[in-house]
Amino acid sequence: EDGSSTQNPMIATPTEEGGFKFEFSLQTKFQYRFGLTDHDGLNIVESRMRQVLVKPDQAPNVTLESQAMRLEIRDQDSVTLPWKADDDFGIERIDMRIAAPGEETPLRIRLDAPGATQKTERGSWTFTPKAHLSSGVESVELWVEAVDNDGTTGGNIGQSRRLSITILSARRQHQNC
């Protein structure tokens, strides 16, 4: 205690194993000491201060595991895109994002919702222009986005690098000849 600290008594709950537990959330480091009050009001407080160091929650690390930065595919073809997401505490959800030039809001396709305690998740997703885009779209950017389970300050968002895909249309190529 440095004189500026405040006391916030917490009630401990007995456990079946003969111990006790209590819960609290912290956003910065914290010092505490245990104190007990018996039924007669007698206080016993330990002299040693204990410290909790808070590890800041990091955004997920997300990888789109395609070697290429740019791809060209025909509008009826498909490309399978492997991805991986890691987080220090847990991943809440994973989405594929698709943005065509001029679109304000990228398309969001849910890839996975692994559960709040899953720290690593892998998968793959198959992109087919005819299935995922309206006709006439000539290029898109794709990326994977993961949101972690940070319930204190809101989920942190991690994004993979962006993959540029040019869509080759037989009709468009024929018109250009």
Side-chain angles (χ1 to χ4, degrees), residues 5-6 8 10 13 15 21-32 49-169 172:
S5 64
T6 59
N8 294 314
M10 289 187 240
T13 306
T15 65
K21 70 176 184 174
F22 55 92
E23 295 181 14
F24 55 93
S25 292
L26 301 173
Q27 292 186 15
T28 61
K29 70 180 182 177
F30 181 73
Q31 290 186 336
Y32 69 96
M49 292 297 292
R50 299 170 187 269
Q51 186 168 2
V52 176
L53 298 176
V54 176
K55 180 181 175 186
D57 187 19
Q58 301 297 313
N61 181 29
V62 186
T63 307
L64 188 55
E65 296 178 338
S66 168
Q67 298 296 322
M69 297 290 288
R70 305 178 71 76
L71 293 175
E72 290 184 350
I73 63 171
R74 294 184 302 213
D75 57 357
Q76 71 274 11
D77 289 346
S78 298
V79 61
T80 299
L81 303 168
W83 53 267
K84 180 182 177 187
D86 293 304
D87 189 62
D88 49 354
F89 292 102
I91 300 167
E92 186 72 29
R93 77 167 195 270
I94 303 166
D95 299 319
M96 179 62 72
R97 303 301 305 264
I98 304 173
E103 283 186 5
E104 275 190 43
T105 306
L107 178 64
R108 179 184 304 271
I109 298 173
R110 178 66 46 92
L111 297 178
D112 203 0
T117 59
Q118 189 76 25
K119 292 184 178 185
T120 299
E121 191 69 17
R122 297 184 102 85
S124 63
W125 180 74
T126 301
F127 172 66
T128 306
K130 278 197 181 258
H132 297 107
L133 303 173
S134 57
S135 63
V137 176
E138 296 179 12
S139 65
V140 293
E141 283 189 331
L142 294 153
W143 66 96
V144 179
E145 187 174 273
V147 180
D148 72 11
N149 65 357
D150 187 344
T152 305
T153 59
N156 296 306
I157 298 172
Q159 296 181 345
S160 71
R161 68 175 172 79
R162 293 179 181 225
L163 174 64
S164 296
I165 298 180
T166 302
I167 294 107
L168 305 173
S169 163
R172 201 167 36 248

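All values below were derived from every heavy atom in this structure, side-chain atoms included, with hydrogens, water molecules and symmetry-related copies excluded. Numbers for residues simply follow the sequence, beginning at 1.
- Side-chain atoms of Val137 and Pro129, non-hydrogen and from C-beta on, never get closer than 4.5 Å to each other.
- Summarising the geometry, atom CD belonging to Glu72 is positioned 5.0 Å from atom CG belonging to Leu168; distances are rounded to the nearest 0.5 Å.
- In terms of heavy atoms, Lys29 sits closest to Gln51 at CD-NE2, 3.6 Å.
- Note that CD1 of Ile165 and CZ of Arg70 are 10.5 Å apart. Values are rounded to the nearest 0.5 Å.
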Stepwise, does the side-chain contact (heavy atoms from CB on, under 4.5 Å) test hold for Asp87 with Asp57? CA-CA 9 Å; Asp87 189 62; Asp57 187 19; 4.1 Å; yes
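- Here CD1 of Ile73 is found 6.5 Å from CD1 of Ile167. Values are rounded to the nearest 0.5 Å.
- Taken to the nearest 0.5 Å, the CD atom of Glu121 stands 4.0 Å off from the CG atom of Asp112.
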Using residues 98-110 as the side-chain source, report each donor-acceptor pair under 3.5 Å to any protein atom, sequence neighbours left out, with the distance given to one decimal.
residue : atom : partner : partner atom : Å
Arg108  : NH1  : Asp95   : OD2          : 2.7
Arg108  : NH1  : Glu145  : OE2          : 3.1
Arg110  : NE   : Asp95   : OD1          : 2.9

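- Nearest approach of Asn156 to Pro60, heavy atoms of both residues: O-CD, 3.4 Å.
- Across all non-hydrogen atoms, the minimal contact from Lys84 to Thr120 is CE-CG2, 3.9 Å.
- Phe89 places a side-chain heavy atom less than 4.5 Å from the side chain of Asn149.
- Between His132 and Phe127, the two ring planes are parallel [angle under 30°; tilted spans 30° to 60°].
- Under the 4.5 Å side-chain criterion, counting only non-hydrogen atoms from C-beta, Ile94 is not in contact with Trp125.
- Note that CD of Gln159 and OG1 of Thr63 are 13.0 Å apart. Values are rounded to the nearest 0.5 Å.
- Residues Met96 and Val144 come closest through the heavy atom pair CE-CG2, 3.7 Å.
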Determine, stepwise, if the pair Arg161 / Ser66 fulfils side-chain contact (heavy atoms from CB on, under 4.5 Å). CA-CA 10 Å; Arg161 68 175 172 79; Ser66 168; 3.9 Å; yes
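- Taking both residues in full, the closest heavy atoms of Ile157 and Ala59 are given as O-CB, 3.5 Å, listed atom of the first, atom of the second, then distance.
- Separating the CG atom in Leu53 from the OG1 atom in Thr28 is a distance of 10.5 Å, to the nearest 0.5 Å.
- Minimum heavy-atom separation, Thr128 to Ser78: OG1-OG, 2.5 Å.
- Thr126 and Thr80 share a side-chain donor-acceptor pair at under 3.5 Å.
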